[in-house]
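These numbers come from the heavy atoms of this one structure, side chains and all, not from hydrogens, waters or symmetry mates.
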Amino acid sequence: MSYPAYSALLGVCATNKPQWLSTAIDSTLHQTVKPSEIIVVQNGSLTDELAATINRYKEENPELFVIQSLPSRTGLGATVRKGIEACSNGFVAYIDANGYSVPTRIEEEFEALLANKADIVGTNINEFSESIDKVTDYRTFPETPEEIYKFAKKKIPMAFSSVLFKKRRMVAATSKLPEYTQLAH
């Protein structure tokens, strides 16, 4: 099956570990549905090792990587907003800079998103330490609209580190929020 083009978006800050960033980027590069671009938002000053890791991937894939920078460390909202400004595709997958995505993640998320005519989808997640083989926790999230609505009254119903969404719908949904949390058009 053919899937729409999408942008992979990673936010990186000084507390990220270079080896995990490499794992996150490698798992993105090895998706069964490849991104047409990878947007890396440098959230404030980075360590020399993190900067070198990003530069290495950029040099190896200059046409694929777009690097954006925020002058000082901010929250996830500002990082995502800056990244979405740079995304040229209508679909965006958020990639956790300390994470790993199974090779079929994006393919499965597109299947779910398109089949359900959804604006955003996410997955259950494994949390791990030291290596992806050492799972420390498995977090599940609601799946049906009713479960999501009920869960959303208490907590965010998705792990943002696992979402694929329609860019225009995310921008529209956040346009009514205060300026510091809005996503750029």
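Between Leu114 and Pro4, the closest heavy-atom pair is CD1-CD, 4.4 Å. For the residue pair Tyr100 and Ser27, the shortest heavy atom distance occurs at CD1-CB, 3.5 Å. Nearest heavy-atom pair, Gly11 versus Tyr94, reported as atom, atom and distance to 0.1 Å: N-OH, 3.5 Å. The shortest non-hydrogen separation linking Ala24 to Asp96 is CB-O, 3.2 Å. A pairwise comparison of heavy atoms in Val163 and Met158 identifies CG1-SD, 3.9 Å as the closest pair. Between Phe151 and Ile156 the shortest heavy-atom distance is CE2-O, 3.4 Å.
Transitive grouping of hydrophobic side chains (ILVMFWY, heavy atoms separated by less than 4.5 Å) brings Ile95 and Leu64 into a common cluster. No path of Ile, Leu, Val, Met, Phe, Trp and Tyr side chains, each step under 4.5 Å between heavy atoms, connects Val40 with Leu70, placing them in separate hydrophobic clusters. Under the 4.5 Å side-chain contact rule for hydrophobic residues, Phe65 and Val12 share a cluster. Under a hydrophobic-cluster definition in which Ile, Leu, Val, Met, Phe, Trp and Tyr are linked whenever side-chain heavy atoms come within less than 4.5 Å, directly or via other members, Phe165 and Tyr6 are assigned to different clusters. Residues Ile120 and Ile148 do not share a hydrophobic cluster, clusters being chains of Ile/Leu/Val/Met/Phe/Trp/Tyr side chains in contact below 4.5 Å.
Between the side chain of Lys82 and the backbone N or O of Val41, no donor-acceptor pair lies under 3.5 Å. Here the side chain of Asn16 pairs a donor or acceptor atom with the backbone of Cys13 at under 3.5 angstrom. Glu37 places a side-chain N or O within 3.5 Å of a backbone atom of Ser88 that can act as its donor or acceptor partner. Using a distance-only test at 3.5 Å, with no hydrogens or angles considered, a donor-acceptor pair links the side chain of Ser162 to the main chain of Thr123. Using a distance-only test at 3.5 Å, with no hydrogens or angles considered, a donor-acceptor pair links the side chain of Lys34 to the main chain of Gln31.
The CG atom of Leu9 sits 10.5 Å away from the NZ atom of Lys167 when rounded to the nearest 0.5 Å. In this structure, the separation between CG on Leu76 and CG on Asn43 is 9.0 Å, given to the nearest 0.5 Å. Atom OH of Tyr3 sits about 7.0 Å away from atom OG1 of Thr32, to the nearest 0.5 Å. The CD1 atom of Ile84 sits 11.0 Å away from atom OG1 of Thr79, with the distance rounded to the nearest 0.5 Å. A distance of 10.0 Å separates CD1 in Ile38 from OG in Ser7, rounded to the nearest 0.5 Å. Note that the OG1 atom of Thr47 and the NZ atom of Lys17 stand 10.0 Å from one another [nearest 0.5 Å].
With no hydrogens or angles considered, a side-chain donor-acceptor pair links Ser22 and Arg56 at under 3.5 Å.
Checking Glu109, Glu107, Glu108 one by one against Arg105, the salt bridge (Lys or Arg N to Asp or Glu O under 4.0 Å) holds for a single residue, Glu109. Residue Leu10 is tested with Ile39, Ile54, Leu21 for a side-chain contact (heavy atoms from CB on, under 4.5 Å); the sole match is Leu21.
For an aromatic pair to be called close, the ring centres must be under 6.0 Å apart, and Phe91 with Phe110 satisfies this.
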side-chain contact (heavy atoms from CB on, under 4.5 Å) assessment of Gln42 paired with Ile67: CA-CA 7 Å; Gln42 298 176 155; Ile67 312 302; 3.7 Å; yes

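Between Asn98 and Thr15 the shortest side-chain heavy-atom distance does not fall below 4.5 Å. At least one side-chain heavy atom of Asn61 sits under 4.5 Å from a side-chain heavy atom of Glu63. For the pair Thr23/Trp20, a side-chain contact is recorded, criterion being any heavy-atom separation below 4.5 Å from C-beta on.
With sequence neighbours excluded, the residues satisfying side-chain contact (heavy atoms from CB on, under 4.5 Å) with Pro18 are Glu49, Leu50, Thr53. In this structure Glu147 satisfies the side-chain contact (heavy atoms from CB on, under 4.5 Å) test together with Pro142, Glu143, Thr144, sequence neighbours excluded.
For Tyr149, the OH atom sits in a loose shell: 12 or fewer heavy atoms of surrounding residues, nucleotides or ligands are nearer than 6.0 Å. Within 6.0 Å of the CG atom in Asp48, the count of heavy atoms belonging to other residues, nucleotides or ligands does not exceed 12.
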